[in-house]
Amino acid sequence: MIPFSHAWPYETLGEDVYVSECPFCGTSNVILPMRKKELKEIREGKKKLLVFPCCKGSVYIVDTDADYLLANRRLRK
């Protein structure tokens with residue numbers, strides 16, 4: 001099980017996936033370089049390197065659920 005400190009909330013709008021705040025630099029409303037269909041692929045076991053466009057911070061997304069991206073490292077303090 002992945003701890004909550006490795007989870008970050010996301011939202012979808014159409015086919016876009018975005019976060020209300022970047023976990024690295026704090027930028028608001030960041031559209032992520034991934035599409036809604038990729039969330040299903042990640043849920044099925046595929047890992048994805050996610051590079052935030054605002055600050056180039058990166059994590060591997062190892063799982064998702066309906067509300068959170070689950071990463072391979074800590075995103076919360």
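These figures come from a predicted structure and were not determined experimentally.
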| side-chain contact (heavy atoms from CB on, under 4.5 Å) assessment of K56 paired with V51 | CA-CA 6 Å; K56 306 302 183 222; V51 179; 4.3 Å; yes
| query | What do the steps show when you test S58 against L49 for side-chain contact (heavy atoms from CB on, under 4.5 Å), and what is the final call? | reply | CA-CA 7 Å; S58 64; L49 175 63; 4.1 Å; yes
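Hydrophobic clustering, with ILVMFWY side chains joined whenever heavy atoms are under 4.5 angstrom apart, keeps Y68 apart from I42.
A distance of 11.5 Å separates CD1 of I31 from SG of C54, quoted to the nearest 0.5 Å. Taking NZ from K40 and OG1 from T64, the interatomic distance works out to 11.5 Å, rounded to the nearest 0.5 Å.
Nearest heavy atom pair, residue M34 against residue L50, reads SD-CD1, 4.4 Å. Closest of all the heavy-atom pairs between L75 and A7 is CD1-C, 4.3 Å. Closest approach of C22 to F52, counting heavy atoms only: SG-CD2, 4.0 Å. Of all the heavy atoms in R74 and R76, the pair that sits closest is CG-O, 2.9 Å.
For W8 (side chain) and E21 (main-chain N/O), a donor-acceptor pair under 3.5 Å exists by modelled atom type. Between the side chain of D63 and the backbone N or O of L70 there is no donor-acceptor pair closer than 3.5 Å.
The pair R35-D16 meets the salt-bridge criterion, since a charged nitrogen lies less than 4.0 angstrom from a carboxylate oxygen.
Side-chain contact between D67 and P9 is absent, with no heavy-atom pair separated by less than 4.5 Å. Counting heavy atoms from C-beta outward, L69 and V59 have side chains that stay 4.5 Å or more apart.
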